[in-house]
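One structure is given below, encoded as structure tokens.
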Amino acid sequence: MTLTVLFSASQKFLSMGLLLYATLAGNPAGKGEGDDDATAKSTAAKSSAVSIKGVDVSRWQKEIDWEQVKGADVTFAFVKATQGDFRLDPYFTRNWEETKRMGIKRGAYHFFKPEAPVEGQIELFKSTVTLEPGDLPPVLDVEVSEPKMTSTQLRQNIRTWLEAITQYYGVKPIIYTSQNYYRRYLQGYFPEYHFWIARYSEVKPEIHHTDSWMFWQYTDSGSISGINSAVDINFFAGDLETLSQLCMPELVIAQESPLKQMKYIQPQP
């Protein structure tokens with residue numbers, strides 16, 4: 001994902017992440033700034049907070065040594081799978097297999113192209129990505145606009161992709177976007193989905209009161225052992241248990257036929 005970096009002091013990010021998580025402990029959706037009491041509690045809780053760090057990668061990072069990445073305390077990784085209605089990321093298969101082998105929680109994302117037929121974008125992702133229990137939900141990366149398309153039509157196509165992918169995999173996707181793009185096109189329109197916000201600032205993502213964010217991409221120029229180029233680094237707004245609860249379930253507890261439940265393990269065409 002390609003956005004301009006504003007700062008890259010990694011130690012500063014870690015401290016910021018710890019403070020943010022402590023603040024979010026009483027406000028899971030990340031809404032509001034909190035009063036003096038909440039600030040005092042968050043400060044006291046910093047020592048017990050855990051910063052859950054992740055990366056997102058694509059062909060720009062080329063071949064990655066995922067064993068070293070795992071050793072750098074990376075808990076999760078989002079891997080680019082597809083773009084538009086025809087492009088596959090050439091490193092997806094390797095990254096997808098290696099993250100699983102190393103025990104890194106993995107998720108796949110699709111780079112949305114507004115000008116491309118949305119049905120083609122849906123089918124490309126479905127034919128490329130097979131989710132398994134323990135995988136993170138699919139991600140729709142929305143960061144470009146189409147001058148000839150109205151905001152209403154853009155949002156409708158985004159919703160079409162999200163709903164089709166929800167029906168296919170049985171889990172709601174996450175929406176990735178930048179803070180500015182979110183404000184311009186998305187805020188308040190998708191309250192039923194979690195957001196992943198790119199904001200390269202000391203200030204946490206700011207969202208509409210009906211929305212919630214779970215991931216914060218705070219730099220696109222991070223340095224991680226095993227990756228020989230700059231990489232996006234992300235913070236998860238929760239603990240490891242919460243992250244695990246977000247993943248595809250091991251068992252589906254619902255009044256469905258066994259055949260329908262199998263879509264969680266091996267999605268059918």
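Just so you know, residue 1 is the first one in the sequence shown, and it goes up from there. Computed from a predicted structure; not experimentally measured.
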Would you say the side-chain atoms of Trp96 pair up with the backbone N or O of Val79, donor to acceptor, closer than 3.5 Å?
-> no
Report the C-alpha separation of Thr219 and Ser221 in whole Å, then their side-chain angles, then the decisive distance to 0.1 Å, and conclude whether the side-chain hydrogen bond (donor to acceptor under 3.5 Å, both in side chains) test is met.
-> CA-CA 6 Å; Thr219 182; Ser221 62; 3.3 Å; yes
Does the side-chain hydrogen bond (donor to acceptor under 3.5 Å, both in side chains) test come out yes or no for Gln217 and Tyr200, once each step is laid out?
-> CA-CA 7 Å; Gln217 183 186 101; Tyr200 309 147; 2.4 Å; yes
May I ask you to check if Arg101 and Trp66 form a cation-pi contact, with NZ or CZ under 6.0 angstrom from the six-membered ring centre and within 45° of the axis?
-> no
So, Thr160 versus Asn157: side-chain donor-acceptor pair below 3.5 Å or not?
-> no
Can Lys172 and Glu163 be counted as an ion pair, charged N to O under 4.0 angstrom?
-> no
Report yes or no: is the cationic atom of Lys80 (NZ for Lys, CZ for Arg) under 6.0 Å from the centre of the six-membered ring of Tyr109, at an angle within 45° of the ring normal?
-> no
Intermediate values then yes/no, salt bridge (Lys or Arg N to Asp or Glu O under 4.0 Å), Arg59 and Asp89 | CA-CA 6 Å; Arg59 65 186 179 91; Asp89 189 283; 5.2 Å; no
Separation of Ile52 CD1 from Met214 CE (nearest 0.5 Å) | 11.0 Å
Tell me yes or no: between the side chains of His110 and Gln83, is some donor less than 3.5 Å from an acceptor?
-> no
Interatomic spacing from NE2 in His208 to CD in Gln187 - rounded to 0.5 Å | 6.5 Å
Under 6.0 Å between the ring centres of Tyr182 and Trp213?
-> no
Output the distance between atom CG (Leu243) and atom SG (Cys247), rounded to the nearest 0.5 Å.
-> 5.0 Å
Would you find a donor on one side and an acceptor on the other, under 3.5 Å apart, between the side chain of Gln121 and the backbone of Trp161?
-> no
Inspect the contact between Glu67 and Lys70 and indicate whether a charged nitrogen and a carboxylate oxygen are less than 4.0 angstrom apart.
-> no
Thinking salt bridges, do Glu97 and Lys100 make one under a 4.0 Å N-O criterion?
-> no
Can we say Glu115 and Lys148 salt-bridge, meaning some charged N sits less than 4.0 Å from an Asp/Glu carboxylate O?
-> no
Walk me through it: do Glu63 and Arg94 pass the test salt bridge (Lys or Arg N to Asp or Glu O under 4.0 Å)?
-> CA-CA 8 Å; Glu63 192 164 303; Arg94 183 182 189 279; 3.7 Å; yes
Take Ile158 and Tyr189, measure what side-chain contact (heavy atoms from CB on, under 4.5 Å) needs, and give me the verdict at the end.
-> CA-CA 11 Å; Ile158 289 171; Tyr189 288 97; over 6 Å; no
Distance in Å, Tyr181 OH paired with Arg183 CZ, rounded so as to fall on 0.5 Å steps = 15.5 Å
Salt-bridge contact Lys113-Glu143 (side-chain N to carboxylate O under 4.0 Å) = no
Under the ring-ring contact (aromatic ring centres under 6.0 Å, His included) rule, what do Phe78 and Phe215 come out as? Steps first, then yes or no, please.
-> CA-CA 11 Å; Phe78 286 109; Phe215 296 90; 5.2 Å; yes
Given the side-chain rings of Tyr176 and Trp196, with only the six-membered ring counted for Trp, is the space between their centroids under 6.0 Å?
-> yes
Chi angles and distances behind the side-chain contact (heavy atoms from CB on, under 4.5 Å) call for Tyr185, Ser145 | CA-CA 9 Å; Tyr185 297 108; Ser145 58; 3.5 Å; yes
